There are 2 protein chains.
Amino acid sequence: MPDRDASVETIQRELTAFARRARAAAARMHPELSLVSFTLLAHLEDRGGCRATDLAAHYLLDKSTVSRQIAALERLGLVERRPAPEDQRAQVLHLTPRGAGTLAQVTANRRAAFRERLADWDEADLDRFAGYLLRYNASAGPLD
Amino acid sequence: MPDRDASVETIQRELTAFARRARAAAARMHPELSLVSFTLLAHLEDRGGCRATDLAAHYLLDKSTVSRQIAALERLGLVERRPAPEDQRAQVLHLTPRGAGTLAQVTANRRAAFRERLADWDEADLDRFAGYLLRYNASAGPLD
DNA sequence: AGGTCTGGTTGTATAGTACAACTTAAAGGG
DNA sequence: CCCTTTAAGTTGTACTATACAACCAGACCT
């Protein structure tokens with residue numbers, strides 16, 4: 001007996017609960033890479049390198065935040081900066097081999113955790129759930 | 001053509017994206033109450049008052065963290081402490097009228113935002129999405 | 001050339017969090 | 001009954017993530 005308001009309420013409650021736990025959970029799952037660092041590395045891999053500004057724009061972070069995150073990742077030897085060919089100001093950020101390795105490791109752990117957690121879902125439900133999440137996130141303005 | 005691995009991958013990616021944005025989004029939606037403060041107040045309302053220790057246990061936060069959060073909420077006049085009848089060490093935390101009012105306001109804003117965002121979903125999809133989120137969160141151990 | 005825009009870093013401040021040390025009070029075991 | 005242990009909470013300290021503002025340096029546009 002679905003009821004719009006009750007469903008919306010549940011969605012809100014459960015997403016909130018999830019959000020509350022997510023960072024700490026990620027930190028436990030891979031202590032060496034925060035959720036944000038992980039997504040930055042993943043983005044670099046995805047794009048095959050990009051500028052700090054692009055990361056800031058994509059993730060709605062201040063450029064100073066990205067600057068410090070990247071500095072930390074560089075200190076860890078996971079990211080390297082290369083001069084941008086056509087703009088002396090800019091740097092193109094790339095994963096180092098070690099960064100790619102760490103990312104692969106963390107990605108594998110996360111994947112395993114999610115697979116485990118969704119192990120008893122049937123394929124049709126997984127597919128629909130994935131679709132709903134995509135739809136939900138897509139409906140977000142960049143502002144939330 | 002659903003494919004287990006692809007769906008799991010999507011779920012992981014979209015939940016991660018959501019988690020990354022959630023706190024900042026909550027802060028924009030209601031600057032006066034962080035996501036954590038909001039959930040603490042909501043829990044107090046839900047239970048009709050409880051001890052700091054209970055909040056810490058429920059949300060897996062350190063008791064010092066809860067202590068400071070509560071102190072802040074008390075400073076804002078949103079929460080009050082009452083002596084616990086049977087244990088001199090403990091305090092029972094309650095919403096003040098003002099706390100209840102603020103919570104109601106924030107809850108209304110959040111509800112409106114979620115309704116808006118889900119406005120063009122049909123009822124069956126909302127119901128299924130809510131069910132999936134419940135199932136997903138329930139499958140989490142308390143440890144993530 | 002001069003003014004403006006863009007990429008990035010650094011200074012400073014704040015929030016949220018944990019862990020450890022401490023205080024006070026309750027509980028349990030001789 | 002006292003003494004040890006456990007539980008509730010606070011406070012000191014430290015760290016991470018974050019933003020905003022000030023700044024520097026290179027690019028771009030008349």
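Please read all numbers here as calculations on a predicted model, not as lab measurements. Per chain, numbering begins at 1; letters A, B, ... match sequence-line order.
- Contacts classified as salt bridge (Lys or Arg N to Asp or Glu O under 4.0 Å) and involving residues 39-48 of chain B (residues at least two apart or in different chains) are not found.
- First and last contacts of DNA chain D with chain B, using any nucleotide atom under 4.0 Å from a protein heavy atom and ordered 5' to 3', fall at D/dA7 to D/dT13.
- For residues 100-115 of chain B, the pairs satisfying salt bridge (Lys or Arg N to Asp or Glu O under 4.0 Å) are A/D5-B/R115, A/E9-B/R111, with sequence neighbours left out.
- Atom OH of residue A/Y136 and atom CZ of residue A/F129 lie 12.0 Å apart, to the nearest 0.5 angstrom.
- Looking at residues 32-56 of chain A, you'll see A/R51, A/A52, A/T53 sit with a heavy atom under 4.0 Å from some atom of DNA chain C.
- Remark: B/Y132 OH to B/D127 CG distance equals 10.0 Å, nearest 0.5 Å.
- Taking 4.0 angstrom as the limit, B/S64 places none of its side-chain polar atoms (N or O) nearer than this to OP1 or OP2 of C/dA18.
- Shown here is B/E32, whose CD atom has more than 12 heavy atoms of other residues, nucleotides or ligands within 6.0 Å.
- Distances shown here put a side-chain N or O of B/R23 below 4.0 Å from the OP1 or OP2 atom of C/dT17.
- With sequence neighbours left out, B/E74 forms a salt bridge (charged side-chain N to carboxylate O under 4.0 Å, His left out) with B/R81.
- For B/A17, the side-chain contact (heavy atoms from CB on, under 4.5 Å) partners at least two apart in sequence or on another chain are A/N137, B/R20, B/R21.
- Taking a 4.5 Å side-chain heavy-atom cut-off between Ile, Leu, Val, Met, Phe, Trp and Tyr, the cluster of B/V79 extends to B/L33, B/V36, B/F38, B/L40, B/L41, B/L44, B/L55, B/Y59, B/L61, B/V66, B/I70, B/L73, B/L76, B/L78, B/L93, B/L95, B/L103, B/V106.
- Per the geometry, CZ belonging to A/R68 stands 11 Å off C1' belonging to C/dA13, to the nearest Å.
- Taking a 4.0 Å limit (strictly below) on heavy-atom distances, residues 77-94 of chain A reaches DNA chain C at A/R81, A/R89, A/A90, A/Q91.
- For the pair A/D62 CG and C/dT12 P, the computed distance is 17 Å after rounding to whole Å.
- Note that CH2 of B/W121 is 7.0 Å distant from OG of A/S139, once rounded to the nearest 0.5 Å.
- Within the structure, a side-chain polar atom (N or O) of A/S67 is placed less than 4.0 Å from OP1 or OP2 of C/dT9.
- The two atoms that bring B/F18 and A/L15 nearest to each other are CE2-O, 3.5 Å, heavy atoms only.
- Legend: residues meeting salt bridge (charged side-chain N to carboxylate O under 4.0 Å, His left out) with B/D62, ordered by chain and number and at least two apart, are absent.
- Qualifying side-chain contact (heavy atoms from CB on, under 4.5 Å) partners for B/D122, counting only residues two or more places apart in sequence or in other chains: B/A124, B/D125.
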Can you pull every protein N or O that's under 3.5 Å from an N or O on nucleotides 21-23 of chain C?
none

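- As a whole-Å value, the separation of A/R21 CZ from C/dG16 C1' is 18 Å.
- Residues that satisfy the side-chain contact (heavy atoms from CB on, under 4.5 Å) test with A/A84, not counting sequence neighbours, are A/A90, A/V92.
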